[in-house]
There are 2 protein chains.
Amino acid sequence: MHDVARLAGVSAQTVSRLIKGFEGIRPGTRERVEAAIAELDYRPNQAARLLRTRKSKRIGALAHEMFEFGPARLLRGAANEARRSGYSVNIVGVDGDDELAIEEAFRSFEEEQVAGIIAVTLTDSMRRVVERRPLDVPIIVDPAETLGGGQTISQTGAAMAADHLLQLGHRRIGYLGGPDGWLPSRERRSQFLADVRAGGGQIVAEWSGDWTPASGDRAGGVFDPSANITAVFVANDAMAIGFIHRLFARGFDVPGDVSVIGFDDIAEAAYMNPPLTTVRPDFEAEGRIAIGALLAEIEHHPRGDFAHPGGELIVRSSTASVR
Amino acid sequence: MHDVARLAGVSAQTVSRLIKGFEGIRPGTRERVEAAIAELDYRPNQAARLLRTRKSKRIGALAHEMFEFGPARLLRGAANEARRSGYSVNIVGVDGDDELAIEEAFRSFEEEQVAGIIAVTLTDSMRRVVERRPLDVPIIVDPAETLGGGQTISQTGAAMAADHLLQLGHRRIGYLGGPDGWLPSRERRSQFLADVRAGGGQIVAEWSGDWTPASGDRAGGVFDPSANITAVFVANDAMAIGFIHRLFARGFDVPGDVSVIGFDDIAEAAYMNPPLTTVRPDFEAEGRIAIGALLAEIEHHPRGDFAHPGGELIVRSSTASVR
DNA sequence: AAACTTCTTGTCATCGATAACATTCTGCTC
DNA sequence: GAGCAGAATGTTATCGATGACAAGAAGTTT
């Protein structure tokens, strides 16, 4: 910075002011300084700035299972949104229920003096670890909480699934969910169950898996035909794929004997046999919204409108009207 | 730090020395300082340290399509390995051929004064952008380059696929690859082609897609039965799924009419119909190895052994002996 | 016990930016 | 053109760690 100042014939302070966008600089001076900056390809030293101001433009993202379908997209949306506002996002992935890794992540966020933290906490246990941590920066523990009381994408999506099955005339319906300890899993379940009942249907069977196709396959193994289930909502496409696979192996037809609707719309869904009817939630939007809320808090400006991430029902061939 | 020093009755320098692991500190002093650190829950200020030393413990990872199957696992392996050595990894995702985003990523790495950079450059165009950038920190442009002349996972995997098909008696073989501009795509192709030929087979047809199931489906549409192809190696499972889907739609049987082997072993592969024979490459190991090489360069200690990431052939039911 | 080596600890300046305060310069009024 | 408000710029001290050097303490040798 001093080199720039010397070259432009001004003091370092003037350079500093220009950099952070101070208005009151005479045009002539401004030009000289800008020329000097360009000339020397000067780049401010973040460390020095951080040391002095204690304000960074970095956000820490604690991401549970960051490479899973939903979280990955949410993170992408979040990172892009943050970047648009001049913040960078430091993603720390945590797999499984590794409390130590979480503690470590927070420690590193603290040391890096992030301006805020977004924790993509999918499970209760993880959420507990995060919540009992005293912190001096804004934090968003669950992106869904930033929706201002609106519906989460899990809820909107589950509602779409329920509506779709009811419209097709299904009344005896099953639900294959994720693990109980997972928030999205519970949200999808309660919304779906409520809507099915409100629409005059009943939940005849429930199973739960661990989001993997293998667990969907296992659920398909305990599927009981004598219960006369005509449709099943599976909480993600991966399990739906395993579920359908086992149903076929056991001689059932989808959607002939039972309709199946998934959740996520993974790229492969359209190329299953039968092509999978599913819900395509806008995870990226949820990430964007969460970061928007976090930045509002960091910069103390009021939240704008509460946007709501949407979702889309993708009707393919794994669901059909009830006979 | 000064508070700690005062509390322990020593100078700040002594505290500093203790922190960075300096040996020559009398046990009594050491104890007092450690007690003071614990007492005050003291955490060194990274910014100050970075300002003074210009050495950070952070690695920048420029990740192209970071949420794709391979890159995601590679990054996970890299991040874990880095963490084991006390480094944190700052992942910046770049999607598509966004040169601007790459430039921006490097800029931010520079500003953060990362100790090294690992660029997961999958495409040639991206690689060119990265390579023409002058840099003053160690960088690994392509993880595969750290293998010390050994085979990449793409090559080992392709070799396994070729071997498998040849062993089953196939001689008239097709190849469905990724985009030409992608390095892994070319590696898989050239290795596969070479091995097939060396084994007495011939490549009767070639198609290429963009890694998506949709593109696999399109390739399946132009599959020409008159060429008497009995087996096809598809460069990733997603395309394989689309490919098989279309073959079925056109009335061909897999593996009855044509065997198909994929690459990646995505979770869904086992639950396809038929369950997909595929190659399971160890992407995480590749990430670990790359970081190992990078750290060696950063810390100027000699590279250890060149480990080689392995792969595994997963034989399921989409391949069969030639009739 | 003096002289000397080695080990431990302390002092001071510095990294690059900025907050707070001080000063100089402009443009205006009368 | 003197006086003055307000704008533009400069000075100084500081954030928290550490490198280089200095000094004091402990141990060794003769």
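Each chain gets a letter, A, B and so on, in the order its sequence line appears, and its residues count up from 1.
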Is there any protein nitrogen or oxygen under 3.5 Å from a nitrogen or oxygen in nucleotides 22-26 of chain D, and what are the pairs?
none

Report task. Using a cut-off of strictly less than 4.0 Å, decide whether B:Ser16 has a side-chain nitrogen or oxygen near OP1 or OP2 of D:dA17. Result -> no
Query raised in the report: Which pairs count as side chain to side chain donor-acceptor pair (under 3.5 Å) when at least one residue sits in residues 77-94 of chain B, sequence neighbours excluded?
Result: B:Asn80-B:Arg83, B:Glu81-B:Arg84, B:Tyr87-B:Glu299, B:Asn90-B:Glu112
Query raised in the report: Given C:dT18, C:dG10, D:dA17, which nucleotide is nearest the side-chain atoms of B:Val10?
Result: C:dG10
Query raised in the report: So does A:Lys20 get a side-chain nitrogen or oxygen closer than 4.0 Å to the phosphate oxygens (OP1/OP2) of C:dA17?
Result: no
Query - Candidate nucleotides C:dT11, C:dG16, D:dA17, ranked by approach to the side chain of A:Arg52 - the nearest - result: C:dG16
Report task. Taking only Lys NZ, Arg NE, NH1 and NH2, and the carboxylate oxygens of Asp or Glu, determine whether B:Asp282 and B:Arg73 approach each other closer than 4.0 Å. Result -> no
**Report entry** Presence of salt bridge, B:Arg76 and B:Glu284, under 4.0 angstrom
**Finding:** yes
Report task. Only counting residues at least two apart or in another chain, list the ones meeting side-chain hydrogen bond (donor to acceptor under 3.5 Å, both in side chains) with A:Glu187. Result -> A:Thr152
Query - Heavy-atom donor-acceptor pair, B:Arg17 side-chain to C:dG10 base, under 3.5 Å - result: yes
Report task. Have a look at A:Ile25 and say if it touches a base, only the backbone sugar-phosphate, or nothing, with a 4.0 Å heavy-atom cut-off. Result -> sugar-phosphate
Report task. Look at the side chain of A:Thr53 and decide which nucleotide, out of D:dG16, C:dA17, C:dT18, has an atom nearest to it. Result -> C:dT18
**Report entry** Enclosure of B:Arg43 CZ (heavy-atom neighbours >12, cutoff 6.0 Å)
**Finding:** yes
